[in-house]
Amino acid sequence: MPIKNLFKASLAGAALFALSVTGASAAPDIPCGTAKLIVPWGAGGGTDIIFRQIVDKVNKNGAKPQLQVVNVGGQGGNKGAKQAAKAKPDGCTLFAIHQSAITSYFTGRIDITWDAFEPVSMVTSTPSIIGANVNTPFNNLTDLVAAAKKNPGTITAGGTFGSTSQFVFLLLEDAAGVKFKHVSYDGTKQRMTAL
């Protein structure tokens, strides 16, 4: 599948499965006092920050059971996805899924698809943003592309391999006819720190 079509397919799937719970848990009697929300990235990253705010609001509004964020970072979000998929389908485990789990399936890094989860709610729609250190010689995308054409394979593109953060740069490479030096980070927090 060409990279453009792969990326478009992954984004379409992400819109349907932003927050999922394992199994069909329509029963009103959930057998736990606290349900865990697996965020498949480390604390302090973008996904973690978004879902901590949501959990805080939900808990303050008296949700039963209360929710607790559990960060399960590693493997580009796949470690948390595997743990969530194995959870008992009783409503006590939720999973903050996003398009990285879908791109990981398409690239063969994981054998779990969105069918392993029962959708609960789409809670966010997040754009991909390309940022650079303030000391770089480029100030916009046009300058970045020009610099990449001038020096192929030398400009570092930080992303999580198999994740949308890498796919953005792969799409840009394809569209602009450039090549970046790809460096993998475990999550947004690590990319921001490196930047």
Side-chain angles (χ1 to χ4, degrees), residues 1-22 25 35-61 63 67-73 75-85 93-107 109-110 112-132 140-141 144 157-176 184-192 195:
M1 175 182 284
I3 191 96
K4 285 183 197 175
N5 295 338
L6 176 66
F7 189 67
K8 287 176 186 174
S10 71
L11 290 179
L16 298 174
F17 300 94
L19 177 66
S20 300
V21 59
T22 59
S25 60
K36 85 177 156 181
L37 170 62
I38 295 175
V39 174
W41 302 98
T47 304
D48 177 62
I49 291 168
I50 289 167
F51 281 98
R52 283 187 186 276
Q53 291 178 26
I54 291 166
V55 164
D56 184 54
K57 293 285 186 195
V58 167
N59 287 341
K60 283 182 179 174
N61 284 316
L67 297 177
Q68 177 184 7
V69 171
V70 176
N71 296 94
V72 182
Q75 303 170 359
N78 294 330
K79 187 175 180 182
K82 291 173 189 175
Q83 184 174 326
T93 302
L94 290 94
F95 178 48
I97 190 172
H98 62 60
Q99 62 271 29
S100 290
I102 298 164
T103 58
S104 289
Y105 171 76
F106 285 139
T107 57
R109 294 181 67 210
I110 194 169
I112 300 167
T113 70
W114 47 87
D115 293 335
F117 307 99
E118 182 70 29
V120 173
S121 175
M122 180 174 158
V123 295
T124 65
S125 176
T126 309
S128 292
I129 299 169
I130 296 175
N140 54 50
L141 192 58
L144 172 63
T160 300
F161 288 172
S163 173
T164 53
S165 57
Q166 181 193 22
F167 276 54
V168 167
F169 286 108
L170 294 173
L171 287 167
L172 182 56
E173 284 180 337
D174 188 51
S184 187
Y185 293 91
D186 199 40
T188 305
K189 181 179 178 182
Q190 292 80 8
R191 288 193 305 272
M192 294 300 290
L195 180 63

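Quick note: residue numbers are just sequence positions, from 1.
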Taking side chain to side chain donor-acceptor pair (under 3.5 Å) as the test, write out the residues that go with Glu173, two or more places apart.
His182
Here the salt bridge (charged side-chain N to carboxylate O under 4.0 Å, His left out) pairs for residues 39-50, sequence neighbours left out, are Asp48-Arg52
Which residues satisfy the side chain to side chain contact (heavy atoms under 4.5 Å, CB included) test with Ser165, sequence neighbours excluded?
Thr160, Ser163, Arg191
For Thr113, give me all partners under side chain to side chain contact (heavy atoms under 4.5 Å, CB included), at least two apart in sequence or on another chain.
Tyr105, Asp115
What pair of heavy atoms forms the shortest contact from Leu94 to Ala35, and how long is it?
CD1-CB, 3.9 Å
Once side chain to side chain contact (heavy atoms under 4.5 Å, CB included) is applied, do any residues pair with Asn140, and if so which ones, sequence neighbours excluded?
Thr142, Asp143
Working to the nearest 0.5 Å, report the span between OG of Ser128 and CG of Leu171.
9.0 Å
Sorted by chain and residue number, the side chain to side chain donor-acceptor pair (under 3.5 Å) partners of Asn59 (sequence neighbours excluded) come out as none
In short, Phe95 meets Pro40 closest at the heavy-atom pair CE1-CG, 3.6 Å
Side chain to side chain, Thr93 and Ile38, heavy atoms closer than 4.5 Å:
yes
Check salt bridge (Lys or Arg N to Asp or Glu O under 4.0 Å) between Lys57 and all other residues, then give those that pass, not counting sequence neighbours.
none
Kindly determine whether Ile112 and Lys82 satisfy side-chain contact (heavy atoms from CB on, under 4.5 Å), including the steps that lead there.
CA-CA 7 Å; Ile112 300 167; Lys82 291 173 189 175; 3.9 Å; yes
Does any non-hydrogen side-chain atom of Trp41 lie less than 4.5 Å from one of Val72?
no
Spatial distance of atom CD1 (Ile54) from atom CG (Leu37) [nearest 0.5 Å]
8.5 Å
Quick one: closest heavy-atom pair of Phe167 and Thr103, and the distance?
CZ-CB, 4.0 Å
Minimum heavy-atom separation for Phe51 and Val39, please, with both atom names.
CB-CG2, 4.0 Å
State which residues pass side chain to side chain donor-acceptor pair (under 3.5 Å) with Lys36; sequence neighbours excluded, sorted by chain then number.
none
Rounded distance [0.5 Å steps], CD1 in Ile97 versus OG1 in Thr47
11.5 Å
Tell me, please, which residues at least two apart from Ser104 pass side chain to side chain contact (heavy atoms under 4.5 Å, CB included).
Asn78, Arg109, Ile110
Under a 4.5 Å cut-off applied to non-hydrogen side-chain atoms, are Leu144 and Leu141 in contact?
yes
ring-ring contact (aromatic ring centres under 6.0 Å, His included) against Phe169, all qualifying residues, sequence neighbours excluded:
Phe180
Specify the closest pair of heavy atoms between Phe161 and Ser184, including all atoms of both residues, with the distance to one decimal.
N-OG, 3.2 Å
Given Leu172 and Ile130, is the side-chain contact (heavy atoms from CB on, under 4.5 Å) satisfied, shown in steps?
CA-CA 10 Å; Leu172 182 56; Ile130 296 175; 4.0 Å; yes
